[in-house]
Amino acid sequence: MTQQNNLTTKKNYSVLLAKRMLLGAGIGLFLIGLLLSTVNNPNPAWGKLWMIRPLLIVPLAGATGGAFYHFMGEFRERGSWKRLFANLLSLLVFIIGLWLGSVLGLSGTLWN
């Protein structure tokens, strides 16, 4: 009887998940940073640290979008129209997530 070794390389999905979440959070942080850098004279009623909430919530929403992209990976591997559908759905969820995160983060300040 011959012994057969099936050596397969396993992808480290937790590292991929972390990279995609960091990329999504980085995009969110960059976009909200651009928006917040245009505020020259903030309303004194907002308080001194009014920027902290959007700078935390929007990257969190971007990281969630990156995680959703990661979890759609199984559909992207099936190819053909499923790959296109998974990519478009991931993009749509990412954009909606960033929009909702910015509304939540800027509520009471710039989004009034």
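Nothing here was measured: the structure is a model prediction, and the numbers come from that model.
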Output the distance between atom OG1 (T109) and atom CZ (R53), rounded to the nearest 0.5 Å.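 Going from the OG1 atom of T109 to the CZ atom of R53 covers 6.5 Å.
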To the closest 0.5 Å, what do you measure between CG (L22) and CD1 (I27)?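 The CD1 atom of I27 is 11.5 Å from CG of L22, to the nearest 0.5 Å.
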Do you know the tightest heavy-atom contact between P54 and P59?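 That would be O-CD, 3.7 Å.
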Distance-minimising heavy-atom pair for A61 and G97: CB-O, 3.3 Å
Applying the 4.5 Å side-chain criterion to the ILVMFWY set and letting contacts propagate, would [X] and [Y] be lumped into a single cluster?
{"X": "L106", "Y": "V103", "answer": "yes"}
{"X": "L31", "Y": "V39", "answer": "yes"}
{"X": "L34", "Y": "I32", "answer": "yes"}
{"X": "I95", "Y": "M21", "answer": "no"}
{"X": "L17", "Y": "V93", "answer": "no"}

Check which hydrophobic residues are tied to L104 through side-chain heavy-atom contacts below 4.5 Å, counting indirect links as well, and list them. I57
Give me the other members of the hydrophobic cluster that L84 sits in, counting Ile, Leu, Val, Met, Phe, Trp and Tyr linked by side-chain heavy atoms under 4.5 Å, directly or via other members. L88
Run the side chain to side chain contact (heavy atoms under 4.5 Å, CB included) test on I52 and L56 for me, step by step, so that the C-alpha distance in whole Å, both residues' side-chain angles and the decisive distance to 0.1 Å come before the verdict. CA-CA 6 Å; I52 291 177; L56 290 175; 3.8 Å; yes
Any side-chain heavy-atom pair of V58 and L29 under 4.5 Å: no
Contacts of type side chain to side chain donor-acceptor pair (under 3.5 Å), residue R78, not counting sequence neighbours: E74
Mind jotting down which residue pairs meet the side chain to side chain donor-acceptor pair (under 3.5 Å) criterion with at least one end in residues 82-104? Sequence neighbours excluded, please. none
Does anything in residues 54-64 pair up under side chain to side chain donor-acceptor pair (under 3.5 Å), and if so which pairs, sequence neighbours excluded?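 Residue pairs passing side chain to side chain donor-acceptor pair (under 3.5 Å), neighbours aside: none found.
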Applying ring pair (Phe, Tyr, Trp, His ring centres under 6.0 Å), which residue pairs with at least one partner in residues 50-91 are found, sequence neighbours left out?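 Those involving residues 50-91 are W46-W50.
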